[in-house]
Number of protein chains: 2
Amino acid sequence: MEQRSYQALKAIKKEAGKSNSVYMTTVRFGQVLGFSQQSASRLLIELEEKGYIRRKLENRKQVIEITDSGLEVLYGELNELSRILSQDMRVVIEGEVKSGLGEGRYYVSRKGYIVQFQEKLGFIPYLGTLNVKVDPLYEGNLRRMRSSEGIRIEGFKTEDRTFGAVKAFRARIGGEDCAVILPERSVYTDTIEVISKEYLRGKLGLKDGSRVRVTVDLS
Amino acid sequence: MEQRSYQALKAIKKEAGKSNSVYMTTVRFGQVLGFSQQSASRLLIELEEKGYIRRKLENRKQVIEITDSGLEVLYGELNELSRILSQDMRVVIEGEVKSGLGEGRYYVSRKGYIVQFQEKLGFIPYLGTLNVKVDPLYEGNLRRMRSSEGIRIEGFKTEDRTFGAVKAFRARIGGEDCAVILPERSVYTDTIEVISKEYLRGKLGLKDGSRVRVTVDLS
DNA sequence: ATTACTAAGCAACGAGTAG
DNA sequence: TCTACTCGTTGCTTAGTAA
């Protein structure tokens with residue numbers, strides 16, 4: 001990540017707190033970063049062009065909002081620094097089991113994915129996914145996941161269509177080994193898909209609305 | 001923390017891994033940072049002047065070693081970023097109980113400290129400290145503590161001498177509330193001092209060599 | 001080979017100011 | 001007030017080169 005953006009985003013997030021958006025003048029932004037108003041203004045324009053922030057200019061005042069992709073920069077840095085400093089790279093995510101529309105089953109049944117699951121994760125998954133709607137409290141940890149590389153599962157083509165690359169993370173749920181699957185290119189939903197050798201709903205006695213805790217390994 | 005040093009130290013630590021020192025030419029250092037050999041050289045000189053690294057120039061080659069104060073920059077950034085991103089600011093430290101030389105008892109008995117413990121931590125400590133020699137595995141977490149602000153306990157003067165400022169962290173040990181005390185200015189020993197309302201050795205049945213786990217709150 | 005000095009080029013910064 | 005443009009200046013970066 002290039003450095004200027006990281007510093008600027010960090011300062012904005014610091015001011016914004018949990019909400020991800022904050023009213024801030026260019027003068028104040030400059031003060032926070034130790035820059036002049038002019039440089040602060042230029043920097044904000046750059047951040048906006050890069051898609052890291054959005055601004056609403058309301059009667060000449062501005063509300064700065066960090067975008068998902070801006071947050072990805074911050075969580076990415078956190079991941080990198082944590083790894084360099086040998087911190088624990090496990091992250092807990094809690095949420096509620098919910099029903100998907102069967103696409104999960106469709107995707108994990110594709111042979112192109114299955115062979116890679118076997119090869120890279122060491123198991124052939126039960127042909128279906130457990131959908132977990134992540135509790136808002138764990139949003140940050142979900143973002144850490146999305147900002148991580150994970151284990152790359154290559155995309156492939158069939159006669160009909162192409163299947164995109166996804167990334168997998170080794171994880172544990174209710175004492176069972178599993179993996180969490182995300183699209184390679186970040187999609188900012190609050191739902192994750194868990195695969196496992198076992199039929200998790202059966203094995204763990206889960207039904208829609210059950211609360212689960214998934215411990216994900218980012219390393 | 002100023003930015004150039006942070007980036008550079010991060011790159012060095014990444015190369016060095018757990019050992020904190022690495023053989024690296026200025027050309028390679030430049031490549032890693034996306035700079036020329038010349039800039040890399042200048043940067044290393046700056047880092048050395050600031051005391052963040054040490055270099056041994058052996059027959060024109062150099063081994064770069066990150067100093068404690070260099071690591072403090074990195075762990076400080078980790079703390080700051082973690083706080084901004086609302087990460088869990090608790091850190092676990094394990095180690096062995098060992099005997100001090102009684103200085104702990106002497107210090108915590110000073111009235112100037114005691115009134116502040118009561119005021120800022122909410123308890124008057126048992127007049128002695130539990131010394132814990134931190135397991136090397138938890139060195140990183142100890143560094144995170146030292147790089148944190150903590151709860152400031154002001155220094156003071158008596159007729160005889162001056163007592164320096166220290167910082168305290170709320171913590172838990174064996175189900176008991178406690179606090180970990182560090183000198184305000186970092187001293188890089190592997191031993192921490194735990195204070196508590198209770199006589200911990202008695203209450204938890206500890207003796208020299210007992211393994212303990214302390215959960216420290218950095219926030 | 002290596003590090004690091006010097007000089008020149010260039011990007012980033014802030015003062016002034018318009019809208 | 002506010003943001004953001006222009007432009008002169010500062011200071012960082014690199015090429016060249018010494019040791």
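A, B, ... follow the sequence lines: proteins, then strands. Residue 1 opens every chain.
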Enquirer: Nearest whole angstrom, please: distance from the P of C/dA1 to the OH of B/Tyr23.
Expert: 12 Å
Enquirer: Provide, to the nearest angstrom, the distance between the CZ atom belonging to B/Arg55 and the P atom belonging to C/dT3.
Expert: 8 Å
Enquirer: Rounded to whole angstroms, how far apart are NZ on B/Lys56 and C1' on C/dT2?
Expert: 18 Å
Enquirer: Atom CD1 of B/Ile53 to atom P of C/dT3: distance rounded to whole Å?
Expert: 12 Å
Enquirer: If I take atom CE in residue A/Met24 and atom P in nucleotide D/dC2, what distance separates them, rounded to the nearest angstrom?
Expert: 14 Å
Enquirer: Check each of A/Val108, A/Val180, A/Val194, A/Ile181 against A/Thr129 using the side-chain contact (heavy atoms from CB on, under 4.5 Å) test, and report the only one that passes.
Expert: A/Val108
Enquirer: Carefully, step by step, assess A/Met24 and A/Gln31 under the rule side chain to side chain contact (heavy atoms under 4.5 Å, CB included).
Expert: CA-CA 11 Å; A/Met24 185 157 47; A/Gln31 284 169 345; over 6 Å; no
Enquirer: Rounded to whole Å, please give me the gap between CD in B/Glu46 and C1' in C/dA4.
Expert: 13 Å
Enquirer: Could you list all the side-chain hydrogen bond (donor to acceptor under 3.5 Å, both in side chains) pairs where at least one residue sits in residues 94-108 of chain A, not counting sequence neighbours?
Expert: A/Glu94-A/Tyr138, A/Glu94-A/Arg211, A/Glu94-A/Arg213, A/Lys98-A/Thr191, A/Ser99-A/Asp208, A/Arg105-A/Tyr126
Enquirer: Is any side-chain N or O of B/Gln62 closer than 4.0 Å to OP1 or OP2 of C/dT3?
Expert: yes
Enquirer: My understanding is that only one of B/Glu139, B/Met145, B/Arg143, B/Arg144 makes a side-chain contact (heavy atoms from CB on, under 4.5 Å) with B/Asn141; could you say which?
Expert: B/Arg144
Enquirer: For B/Leu57 and C/dA1, what is the distance between atoms CG and C1' respectively, to the nearest whole Å?
Expert: 14 Å
Enquirer: To the nearest Å, how far apart are B/Glu49 CD and C/dT3 C1'?
Expert: 15 Å
Enquirer: Do any side-chain nitrogens or oxygens of A/Thr26 fall under 4.0 Å of OP1 or OP2 in D/dT3?
Expert: yes
Enquirer: Ignoring backbone atoms, establish whether A/Arg4 has a side-chain N or O less than 4.0 Å from OP1 or OP2 of C/dA11.
Expert: no
Enquirer: Under the criterion side-chain contact (heavy atoms from CB on, under 4.5 Å), which of A/Val134, A/Asn131, A/Leu130 is the partner of A/Ile192?
Expert: A/Val134
Enquirer: Using a strict heavy-atom distance below 4.0 Å, which residues from residues 30-45 of chain B are in contact with DNA chain C?
Expert: B/Gln37, B/Gln38, B/Ser41, B/Ile45
Enquirer: If you compare all heavy atoms of B/Tyr75 against all heavy atoms of A/Gln87, which two are closest, and at what distance to 0.1 Å?
Expert: CE2-OE1, 4.0 Å
Enquirer: With a 4.5 Å heavy-atom cut-off, do B/Ile45 and B/Arg55 have their side chains touching?
Expert: yes
